[in-house]
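Worksheet: the structure to be examined is printed underneath.
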Amino acid sequence: MDTASTYLDGNAAAGPLGDILGFDITTTVGRCAGCRSTVLMARCRVYDVGPGLVLRCASCNGVLLRLVVAEDRAWLDMTGLACLQIDRTEPG
């Protein structure tokens with residue numbers, strides 16, 4: 001099975017996650033809790049064929065993050081991320 005056509009890059013999650021978190025997560029660096037690799041979140045694999053989004057590690061394909069949004073609630077599971085490095089400097 002060719003999995004290349006079944007997922008999008010991490011930028012596909014920018015809008016939905018930005019709405020929840022209030023910042024662009026695709027510019028952050030995450031560390032996979034499974035294989036411990038670090039990667040720019042924009043390079044993650046995004047699967048959006050279910051009731052929400054699933055971001056998977058580009059190295060080991062482990063689940064990093066799950067997001068489900070309903071009418072007035074959202075569920076965010078970041079169990080697969082050992083940490084998330086967020087640049088707090090102001091642009092410009």
Side-chain angles (χ1 to χ4, degrees):
M1 175 183 188
D2 178 23
T3 58
S5 62
T6 61
Y7 66 85
L8 305 167
D9 72 24
N11 292 306
L17 286 169
D19 292 344
I20 300 300
L21 298 173
F23 64 91
D24 184 2
I25 195 172
T26 63
T27 63
T28 65
V29 175
R31 179 179 298 141
C32 176
C35 72
R36 307 303 284 181
S37 66
T38 58
V39 67
L40 187 64
M41 294 300 285
R43 296 181 186 249
C44 292
R45 296 175 179 170
V46 176
Y47 296 84
D48 64 349
V49 265
L53 296 176
V54 176
L55 274 71
R56 290 184 170 269
C57 176
S59 296
C60 73
N61 208 36
V63 175
L64 300 176
L65 181 151
R66 296 176 188 93
L67 172 67
V68 175
V69 178
E71 293 175 20
D72 61 345
R73 295 177 191 216
W75 293 264
L76 179 60
D77 174 8
M78 298 175 74
T79 307
L81 282 171
C83 68
L84 189 63
Q85 177 184 323
I86 303 164
D87 184 1
R88 296 182 49 197
T89 60
E90 292 294 321

(request) Identify, with sequence neighbours excluded, every residue that meets side chain to side chain contact (heavy atoms under 4.5 Å, CB included) alongside V39. (result) R43, C44

(request) Supply the atom-to-atom distance N61 CG to C35 SG, rounded to the nearest 0.5 angstrom. (result) 10.0 Å

(message) Using every non-hydrogen atom in the two residues, find where R31 and R36 come nearest and quote the distance to one decimal.
(response) CG-O, 3.6 Å

(message) I'd like to know if I25 and V69 are part of one continuous hydrophobic network [Ile/Leu/Val/Met/Phe/Trp/Tyr, side-chain heavy atoms within less than 4.5 Å].
(response) yes

(request) Find out if a path of hydrophobic residues (ILVMFWY) with successive side-chain heavy-atom gaps under 4.5 Å connects L84 to L64. (result) yes

(message) Could you work out, with side chain to side chain donor-acceptor pair (under 3.5 Å) as the rule, every residue matching T28, not counting sequence neighbours?
(response) none

(message) For the CG atom of L55 and the OH atom of Y47, what is their distance to the nearest 0.5 Å?
(response) 10.5 Å

All N/O donor-acceptor pairs, side-chain side in residues 13-23, below 3.5 Å, sequence neighbours left out:
none

(request) Please identify each residue that fulfils side chain to side chain donor-acceptor pair (under 3.5 Å) with T27, with sequence neighbours left out. (result) none

(message) Could you report the tightest heavy-atom contact between A74 and L67, atom names first, then the distance?
(response) CB-CD1, 4.4 Å

(message) Going by the rule side chain to side chain donor-acceptor pair (under 3.5 Å), which residues pair with R66 if we only count those two or more places apart in sequence or in a different chain?
(response) D77

(request) Indicate if V54 and W75 have the same hydrophobic cluster label, given that clusters are the connected sets of ILVMFWY residues with side-chain heavy-atom separations under 4.5 angstrom. (result) no

(request) Can you see which heavy atom on G30 is nearest to which on L81, and at what distance? (result) CA-CD2, 4.0 Å

(message) Which residues pass the side chain to side chain donor-acceptor pair (under 3.5 Å) test with S37, not counting sequence neighbours?
(response) S59

(message) Restricting to side chain to side chain contact (heavy atoms under 4.5 Å, CB included), what partner residues turn up for N11, sequence neighbours left out?
(response) D9, T26, A42

(message) Test of understanding: clusters of I, L, V, M, F, W, Y form through side-chain heavy atoms closer than 4.5 Å, transitively. Do V29 and M78 belong to the same one?
(response) no

